[in-house]
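Below is one structure; the comments refer to it alone.
The analysis underlying the following values was restricted to heavy atoms, covering all of them including side chains, and did not include hydrogens, waters or symmetry mates. This is a predicted model, so every value here is computed, not measured.
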Amino acid sequence: MGEEKKPQSAGVWPTVKPFVNGGASGMLATCVIQPIDMIKVRIQLGQGSAGTVTKTMLKNEGFGAFYKGLSAGLLRQATYTTARLGSFRILTNKAIEANDGKPLPLYQKALCGLTAGAIGASVGSPADLALIRMQADATLPAAQRRNYTNAFQALYRIVADEGVLALWKGAGPTVVRAMALNMGMLASYDQSVEFFRDACGLSELPTVIGKYSLQSIKHISSDRILHSALGASTVSGFFASACSLPFDYVKTQIQKMQPDAQGKYPYTGSMDCAMKTLKAGGPFKFYTGFPVYCVRIAPHVMAVFALQTLRNQTICLEFFTITIDVGPSRTIMPD
């Protein structure tokens, strides 16, 4: 009896898939979370509590104001989230291969998350700058408002008025924030999936594919997959919020600042902003609006991972011929 040929993955799809799934999931989640993100930015700019900001915006600007900057938010997800989620999966898959297929320890997942966050933030920083400016515009005096109409016009005017390098204004805190957020989000998500799988008997698609044979995969309950993804992403959202909010606060202050009449900016850089904030309000000042930030980050993380998991499941069930045999009794889809 001849040796059975092992099916091999072909083409670029296995490499591209994590980037496509990550970007699409992030963009869908942003459409839901955008109003909460707008409220979070206004709170950080000193406009009051969540209730006050919401009432003021509804009264003075109308419901559409909650979606101001949506084009920049979608562009940000198309660049930042595509790069960070895709690169995280590529990095972790490579690390697992180097680890002889064994699960990665938490510190290696954290390192992969830090690296993926830095890559994503570097790519997405221009769109993030446009988003913050569009969201903060209504809080400025009428004479200082930029009145960007959409993300692409914002990027064009930034380049025309301030130069190409201005697109990366605030990139330092943006990258550090992304590294902290991704370390908290991606590492804790994978760790939580393993916990729910081992302790609670639930499963998330990447671990399910590795655990079950190709013949039995179609019978795995979608509910079990989704419950694990939602539980893990809830934990992940909390840790992502706690790790990243101080850096997000500094990033927002740097990106929205305007020069005064003498052309002087309120902060000379990220460290200056951090030290002045610490001196003026203490360490808890960096956690201004934490409940709203957590409400903004956690559902976004839940939506991204749940959508990504379901998309992976659909793709997996449709393209079973794209498999990689990694052992005598395990078949795994490229994630």
Side-chain angles (χ1 to χ4, degrees), residues 26-78 80-81 124 126-155 157-158 169-170 173-174 177 181 237 240-241 244-258 260 266-267 273 277 280-281 284-304:
M27 292 174 76
L28 288 170
T30 290
C31 292
V32 178
I33 302 303
Q34 182 70 12
I36 301 173
D37 190 53
M38 171 65 81
I39 294 170
K40 182 268 296 183
V41 169
R42 294 289 179 91
I43 290 173
Q44 289 181 332
L45 297 179
Q47 300 296 301
S49 65
T52 302
V53 168
T54 303
K55 288 177 184 177
T56 303
M57 288 181 65
L58 283 172
K59 182 180 178 181
N60 298 335
E61 303 173 60
F63 180 78
F66 291 99
Y67 280 91
K68 190 173 289 183
L70 179 61
S71 62
L74 292 174
L75 180 61
R76 179 177 179 272
Q77 294 300 322
Y80 166 65
T81 301
D128 191 62
L129 175 64
L131 174 63
I132 292 296
R133 288 190 175 185
M134 291 177 75
Q135 289 180 324
D137 210 36
T139 68
L140 299 172
Q144 296 181 17
R145 292 178 187 174
R146 299 177 174 98
N147 297 314
Y148 299 141
T149 56
N150 58 62
F152 295 103
Q153 196 245 2
L155 296 176
R157 281 185 50 191
I158 291 170
K169 184 175 288 185
T174 300
R177 170 197 177 272
L181 186 146
S241 302
S244 65
L245 182 55
F247 305 106
D248 186 81
Y249 182 90
V250 173
K251 174 185 76 73
T252 299
Q253 305 304 316
I254 293 292
Q255 289 181 327
K256 70 93 184 179
M257 65 181 181
Q258 289 264 38
D260 58 19
Y267 308 112
C273 176
T277 301
F284 288 108
K285 182 68 174 176
F286 294 105
Y287 283 90
T288 299
F290 179 74
V292 174
Y293 186 69
C294 200
V295 168
R296 177 253 184 269
I297 289 290
H300 192 276
V301 172
M302 291 173 68
V304 167

message: Treating Ser244 as the side-chain partner and Ala240 as the backbone partner, does any N or O pair qualify as donor plus acceptor under 3.5 Å?
response: yes
message: Using 0.5 Å steps for rounding, measure from the OG1 atom of Thr30 to the CG atom of Leu75.
response: 11.0 Å
- prompt: Asp137 side chain to Asn147 main-chain N or O, any donor-acceptor pair under 3.5 Å?
  reply: yes
field: Phe66 vs Ile36 side-chain heavy atoms within contact, under 4.5 Å
entry: no
query: So do Leu28 and Gln77 actually touch side chain to side chain, heavy atoms under 4.5 Å?
result: no
- line: Applying side-chain contact (heavy atoms from CB on, under 4.5 Å) to Lys285 and not counting sequence neighbours gives Tyr249, Thr277, Thr288
- prompt: Is any side-chain heavy atom of Phe247 closer than 4.5 Å to a side-chain heavy atom of Pro173?
  reply: no
message: So does Leu140 get a backbone contact from the side chain of Arg145, meaning a donor-acceptor N/O pair under 3.5 Å?
response: yes
query: Roughly how far, to the nearest 0.5 Å, is CG of Leu70 from CD of Gln34?
result: 5.0 Å
field: Lys169: side-chain hydrogen bond (donor to acceptor under 3.5 Å, both in side chains) partners, not counting sequence neighbours
entry: Glu162
field: Donor-acceptor contact below 3.5 Å, side chain Arg133 vs main chain Lys256
entry: no
- prompt: Is there side-chain contact between Thr174 and Gln255, with at least one heavy-atom pair below 4.5 Å?
  reply: yes
query: Which residues pass the side-chain contact (heavy atoms from CB on, under 4.5 Å) test with Tyr267, sequence neighbours left out?
result: Gln253, Ile254, Met257, Asp272, Cys273, Lys276
- prompt: Got a second to check how far Lys68's NZ is from Asn150's CG, nearest 0.5 Å?
  reply: 13.5 Å
Nearest non-hydrogen partners of Ala50 and Val292, listed with the distance: CB-CG2, 3.6 Å
field: Verdict with reasoning, Cys31 to Leu74, per side-chain contact (heavy atoms from CB on, under 4.5 Å)
entry: CA-CA 8 Å; Cys31 292; Leu74 292 174; 3.9 Å; yes
side-chain contact (heavy atoms from CB on, under 4.5 Å) partners of Arg157, counting only residues at least two apart: Arg146, Tyr148, Gln153, Asp161
field: Ala72: side-chain contact (heavy atoms from CB on, under 4.5 Å) partners, not counting sequence neighbours
entry: Ala130, Leu131, Met134, Ala151
- request: Determine, stepwise, if the pair Gln47 / Thr139 fulfils side-chain contact (heavy atoms from CB on, under 4.5 Å).
  value: CA-CA 8 Å; Gln47 300 296 301; Thr139 68; 3.9 Å; yes
Residue pair Lys251, Asp128: steps toward the salt bridge (Lys or Arg N to Asp or Glu O under 4.0 Å) verdict: CA-CA 10 Å; Lys251 174 185 76 73; Asp128 191 62; 3.0 Å; yes
Minimum heavy-atom distance Ser241-Cys294, with the two atoms named: OG-CA, 3.5 Å
- prompt: At their closest point, which heavy atom of Leu45 faces which heavy atom of Ala136, and how far apart are they?
  reply: CD1-CB, 3.4 Å
message: Does Tyr67, at its OH atom, have more than 12 non-hydrogen atoms belonging to other residues, nucleotides or ligands within less than 6.0 Å?
response: yes
query: What pairs meet the side-chain hydrogen bond (donor to acceptor under 3.5 Å, both in side chains) rule with one or both residues in residues 35-44, with sequence neighbours excluded?
result: Asp37-Gln135, Asp37-Arg296, Lys40-Asp248, Arg42-Glu61, Gln44-Asp248, Gln44-Thr252
- prompt: Is there side-chain contact between Phe286 and Val250, with heavy atoms separated by less than 4.5 Å?
  reply: yes
